[in-house]
Amino acid sequence: MNKAYLALGTNIEPRIQYLESCLYELSKHPDISIINQSSIYQTVPVGYTDQADFLNMVIEIKTTLASLELLDYCQQLERELGRERKIRFGPRTIDLDILLYNQENNKTERLIIPHPRMHERAFVLIPLNEIAPDIVIPVKEKRVADLIEELPGNDIKGVAIWTKNESADE
Ligand SMILES: Nc1ncnc2c1ncn2[C@@H]1O[C@H](COP(=O)(O)OP(=O)(O)OP(=O)(O)O)[C@@H](O)[C@H]1O
Ligand SMILES: Nc1nc2c(c(=O)[nH]1)N=C(CO)CN2
């Protein structure tokens, strides 16, 4: 059995429904069990900034799928949930990234583990810290909680816990 952490992101409405559908589809897969999930965070866009705020979260799964099979399923779900790739780092209905797969450090053409940008992303590290503060990120050889200390303060300020009640205003 393998343990993996996945990052979910969405910034096209209805954002909460995209997250919920994605979690449901993952949980329905016979070879995937969701073990733990972070809160949902509302985050300012990073990279390409002229777009709506994101909802981000991180989950821990157990799976018998190999890492490339897991990537295939993540990409299938992105397609099924209507993601169109237009702008790099641009708006998306759902983005599903594999952050960690066991303690692997693996680089192939299609898949890099750990995710190459995870250590610099507050929108990934802050939710991950909620469910796995002590996990050591291969390559960086640092704990999640320690990587957060290295983030710029402004990045951290751009991440706020989001509660479902806020959707009433949307
Ligand atoms: N750990 C990983 N998780 C998901 N995709 C990955 C990973 N490593 C490499 N990739 C590759 O990255 C490609 C681009 O992924 P995607 O379109 O989701 O990027 P993005 O969401 O725009 O940017 P980012 O990867 O920085 O979040 C995918 O086709 C996939 O093959
Ligand atoms: N806040 C936030 N910014 C982003 C995100 C994301 O999920 N959240 N995803 C990106 C490309 O993967 C680019 N920028």
Side-chain angles (χ1 to χ4, degrees), residues 2-23 25-26 29 32 37-61 63 65-130 132 135 137-140 144 147-148 151-162 166:
N2 304 291
K3 180 162 97 164
Y5 290 87
L6 307 182
L8 284 68
T10 166
N11 75 336
I12 294 178
E13 295 296 350
R15 297 175 302 173
I16 190 70
Q17 269 170 37
Y18 283 119
L19 286 184
E20 281 174 355
S21 302
C22 186
L23 291 174
E25 294 299 331
L26 284 166
H29 193 293
I32 296 176
Q37 65 187 65
S38 73
S39 309
I40 297 171
Y41 291 78
Q42 173 145 303
T43 65
V44 297
V46 171
Y48 176 71
T49 52
D50 187 18
Q51 58 177 329
D53 285 354
F54 280 78
L55 295 183
N56 285 109
M57 69 185 294
V58 169
I59 63 173
E60 178 187 339
I61 62 168
T63 183
L65 298 177
S67 54
L68 271 177
E69 293 173 319
L70 181 61
L71 179 69
D72 283 337
Y73 187 60
C74 289
Q75 294 186 339
Q76 179 188 327
L77 281 186
E78 288 181 342
R79 283 192 301 274
E80 285 175 7
L81 291 168
R83 172 161 173 205
E84 291 177 31
R85 286 189 167 77
K86 286 191 189 136
I87 304 171
R88 186 164 191 227
F89 302 136
R92 66 261 335 266
T93 51
I94 202 80
D95 182 28
L96 203 42
D97 288 334
I98 303 175
L99 301 175
L100 301 166
Y101 184 88
N102 298 324
Q103 275 296 297
E104 282 186 11
N105 170 13
N106 226 326
K107 206 182 259 195
T108 62
E109 202 173 315
R110 284 190 63 211
L111 184 62
I112 304 173
I113 290 173
H115 188 285
R117 289 167 286 286
M118 67 174 290
H119 62 280
E120 62 196 33
R121 291 180 160 173
F123 67 80
V124 167
L125 292 179
I126 291 175
L128 182 59
N129 187 52
E130 206 187 315
I135 201 161
I137 309 303
V139 187
K140 293 284 152 198
V144 173
L147 285 170
I148 286 185
L151 289 173
N154 279 346
D155 286 11
I156 294 169
K157 275 190 213 139
V159 178
I161 292 201
W162 184 90
E166 290 176 39

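Nothing here was measured: the structure is a model prediction, and the numbers come from that model. Note that ligands are numbered from 1 as they come in the structure, with each ligand's atoms numbered from 1 the same way. Just the heavy atoms: all of them, side chains too, but no hydrogens, waters or symmetry mates, feed the values below.
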Discussion item. Check whether Thr10 reaches the backbone of Leu55 with its side chain - one donor and one acceptor, N or O, closer than 3.5 Å.
Written reply: no
Worksheet entry | Flag for Asn2-Tyr101: side-chain donor and acceptor within less than 3.5 Å | yes
Worksheet item: Does one side chain, of Tyr41 or Glu130, offer a donor that lies under 3.5 Å from an acceptor on the other?
Response: yes
Worksheet item: Applying a 4.0 Å heavy-atom criterion (strictly less than), which segment of Leu99 is in contact with ligand 1: side chain, backbone, both, or neither?
Response: neither
Discussion item. Ile98 versus ligand 1: do any nitrogen or oxygen atoms come within less than 3.5 Å of each other?
Written reply: yes
Discussion item. Can a donor-acceptor pair be found, under 3.5 Å and without considering hydrogens, that links the side chain of Gln75 to the backbone of Asp72?
Written reply: no
Fill in: Atom pair CG/CG of Leu77 and Leu8 - distance to nearest 0.5 Å
9.5 Å
Item to complete: Could you tell me which residues satisfy side chain to side chain contact (heavy atoms under 4.5 Å, CB included) with Pro138, sequence neighbours excluded, listed by chain and number?
Response: Leu100, Gln103, Asn105, Pro114
Discussion item. Check this for me - ligand 1, Leu111, N or O atoms closer than 3.5 angstrom, yes or no?
Written reply: no
Response to the item:
Near Asp95 (heavy-atom distance under 4.0 Å), the atoms of ligand 1 are 18 (O), 21 (O), 27 (O)
Item to complete: Return yes or no for this condition: an N or O of Glu109 is under 3.5 Å from an N or O of ligand 1.
Response: no
Worksheet item: Which atoms of ligand 1 have any heavy atom of Gln75 under 4.0 Å away?
Response: 28 (C), 29 (O), 30 (C), 31 (O)
Item to complete: Tell me the residues surrounding ligand 2, counting only those with a heavy atom closer than 4.0 angstrom, sorted by chain and number.
Response: Thr43, Val44, Pro45, Val46, Phe54, Asn56, Phe89, Arg92, Asp95, Phe123
Worksheet item: When you measure from the side chain of Ser21 to the backbone N and O of Gln17, does any donor-acceptor pair fall under 3.5 Å?
Response: yes
Response to the item:
Residues at least two apart in sequence or cross-chain that pass side chain to side chain contact (heavy atoms under 4.5 Å, CB included) with Asn11, listed by chain then number, are Gln51, Ala52, Phe54, Pro91
Discussion item. Checking His115 now: which residues fulfil side chain to side chain contact (heavy atoms under 4.5 Å, CB included) with it, not counting sequence neighbours?
Written reply: Asp97, Leu99, Arg117, Met118, Arg121
Worksheet item: Heavy-atom contact under 4.0 Å between Arg121 and ligand 1?
Response: yes
